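Inspection log for the structure reproduced underneath, given as structure tokens.
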Amino acid sequence: MKFKAILTDHGVNLLEKRFVPALDKIGRVCQLYLTRDHAIFLHNLLSGNGVQSIAQFRKETLFDDYRISSQNDDRIAFTVDLGLLHRALRSSLSIEGGERLQIKLVKKLPAGSTQPMPFLTFETKGYKSAVIQDVPISKPLSRSDVMELQSALDMAQDIPQTLVQVPDLLQLQNLVDRLKQVGDLLTVSISQYGDLHLQVSTSLITVGSDFRKLRVLGVQANAPPGDQDMSARARTEMAIQRGEAQTVQVSVKHFAKSLQCHLAKPDCAFYGIAPQGACLTVIFQFFIPGTRQTDKSISLHCRLPVLDTGSD
Amino acid sequence: MSSSALQNDAPDLVCQLDNVQGIVDALSSVRWKRHQDAVIELSEHGFVLIVEETGCLQAKVYLKRELFLLYEYGAAEGRPRFGLSLGLFVDCLNAFSTPGHASVIEIRYPGPDMQLLLKSVDSPIACIYAEIRTRIPDTISWDYNFEPTGNIPVSFTVKSAVLKEAIDDLEWPGSSIQITLQPEPPSVTFRGEGHGDLQIDFSYYANTDLLIAYQCDRRVSYRYKYKFLRATTSNIPSSVLKDNRGSKFTVGQGGMLKIQHLVSVIRSSGQHPHNDAGGYQQPSRIAYIEFFVKPEEDDDPVNDS
């Protein structure tokens, strides 16, 4: 099992400034899954609890001279602490004249131990000095665990039929942070007309937010006439009856976490409900810098577990 | 054009405001614990929010109709009153306030199920709304009719920041605090005895900036529970301290203490204007806060009669 690559400047920036801080908000510990063509950061894919997040990079986006080999079809997966990874990336940037940041999978004997442990080693060579940082990682996943991870990943690729674009992630995050004070359970409804309706309700209070005329991707429909005069709840109910909307309940905390992905500086974000209300999916889109074209070499999406189908 | 088709009659109140943060500040200043019940009383002049604790402490926030962009009072008779959770009301209003963006909120009472309804009305395609359940209010347990003593009410006005600092300092002795006012030399004394003694004197002549006004024609002295005094300043909004405002103390019949604060309710998008002397501002942009604190029952009051 071998892995060695050079992290490009762009790759370091992408991880250090954007993705690692964003993913850290989802969970401190994640799985890094490396294949022949991709490096993928995964949260909660096997546990089934909490927010699942999948951040996938084509190898060229992050690395030069990417070399990987394993007996398991050249796939390697392990668990890493994002806080430590972030620190290693940050300090590698501070090396004066550092040009090549090599990242390598190694086994070393830590001080005071008799058992060799696996590490991800970051090596920067500057003019006068070289810095080597070892980030401890878990033992690489077994062949069967990697298989399981791959099939969970395949399953998590389904895209909801209807996606609506969130107007302003920061503003939404602000709202959701305040909704957290009110209750724990968030009802999310999405219609094919471009409506996104969020509501927190307890026995004493109901607070909601209703966005309309959002951009829709996938299956869309025209709102029935007279719809604009109705309350948000009545409109949602009618749309559900017509089979043109879906509603799910998720944890407000999970929803807030998914919004933290704005730290990765996506260019847009879409919410959608998976078929049969299996989960709430949020897909972040990144443009090729300076264009409005989707950068297909980077993808990030989260899946929020549904706590209740929302139907009584 | 009414958005609610369920109501046949005009609601008791429909009002709109564009200064959420100021209203939140004013209401938060009487929120001394997390779960606190409040009563709102509506009238054609504005509405009053009243909170009370164990018959010893009462606070009122007066929000006059001039603070609102629109104020339509439709109650046919009497002054409608309803109870609600102050904490929920404040948290809920907070959900409407976006930093750097002055949103307009409409408040309506009653909803189809006697709820208090709130919604943002500034955008047709993005709306925040809330429904707060109300309850039938309890009858007020004691009469807070505040009656001044004698011809000249015994009172003083002190910088709110100084008052807060003094009361915070008195936490250390704790338990009960004796407040004494005397005409000669004109001064106010806060004295706490508990785990130790602490005495704070505000002398009228010592520092002209400290006591802005002082009226006292005879010595009065009463004891108040520390936790009630603390409640009167613990959540005083930072804008009050920044604006260098004063708080007015008046000692009424039987030692009943009235403490009044003024809170700016300016638009959330603007900055708090800085005022030098006394913090004069348009009276229409001020919320009045009043606290009434009952004295502890003393065996031998030391008051001149």
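Fair warning: this is a prediction, and the values are worked out from it, not measured in the lab. All chains are named by letter (A, B, ...) in the order of the sequence lines, taking the proteins before the strands, and each is independently numbered beginning at 1.
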Looking at B/Thr134, B/Leu116, B/Ile128, which makes the most heavy-atom pairs under 4.5 Å with chain A?
B/Ile128
Got more than 12 heavy atoms from elsewhere within 6.0 Å of CZ, A/Arg87?
no
Check whether more than 12 heavy atoms from other residues, nucleotides or ligands sit under 6.0 Å from atom CZ of B/Arg133, and answer yes or no.
no
Given that the side chain runs from C-beta out, which part of A/Ser201 has a heavy atom under 4.5 Å from chain B: side chain, backbone, both or neither?
neither
Taking all non-hydrogen atoms of both residues, which atom of A/Gln181 and which atom of B/Arg34 are closest, and how far apart?
O-NH2, 4.5 Å
Heavy-atom count check: over 12 atoms from other residues, nucleotides or ligands less than 6.0 Å from A/Gln293 CD?
no
More than 12 heavy atoms of other groups within 6.0 Å of B/Asp168 CG
yes
For the CD1 atom of B/Ile125 and the CG atom of A/Leu214, what is their distance to the nearest 0.5 Å?
7.5 Å
Within a reach of under 6.0 Å around NZ of B/Lys164, are more than 12 heavy atoms found that belong to other residues, nucleotides or ligands?
yes
If I take atom CG from residue B/Leu118 and atom CD1 from residue A/Ile205, how far apart are they, to the nearest 0.5 angstrom?
8.0 Å
Taking all non-hydrogen atoms of both residues, which atom of A/Leu175 and which atom of B/Ala95 are closest, and how far apart?
CD1-O, 3.7 Å
Determine the minimum heavy-atom distance between B/Tyr129 and A/Ser209, stating which atoms define it.
CE2-N, 3.9 Å
Do other residues, nucleotides or ligands put more than 12 heavy atoms under 6.0 Å from A/Gln161 CD?
no
Within this structure, what is the CG-CG distance for the pair B/Asp91 and A/Leu179, rounded to the nearest 0.5 Å?
10.5 Å
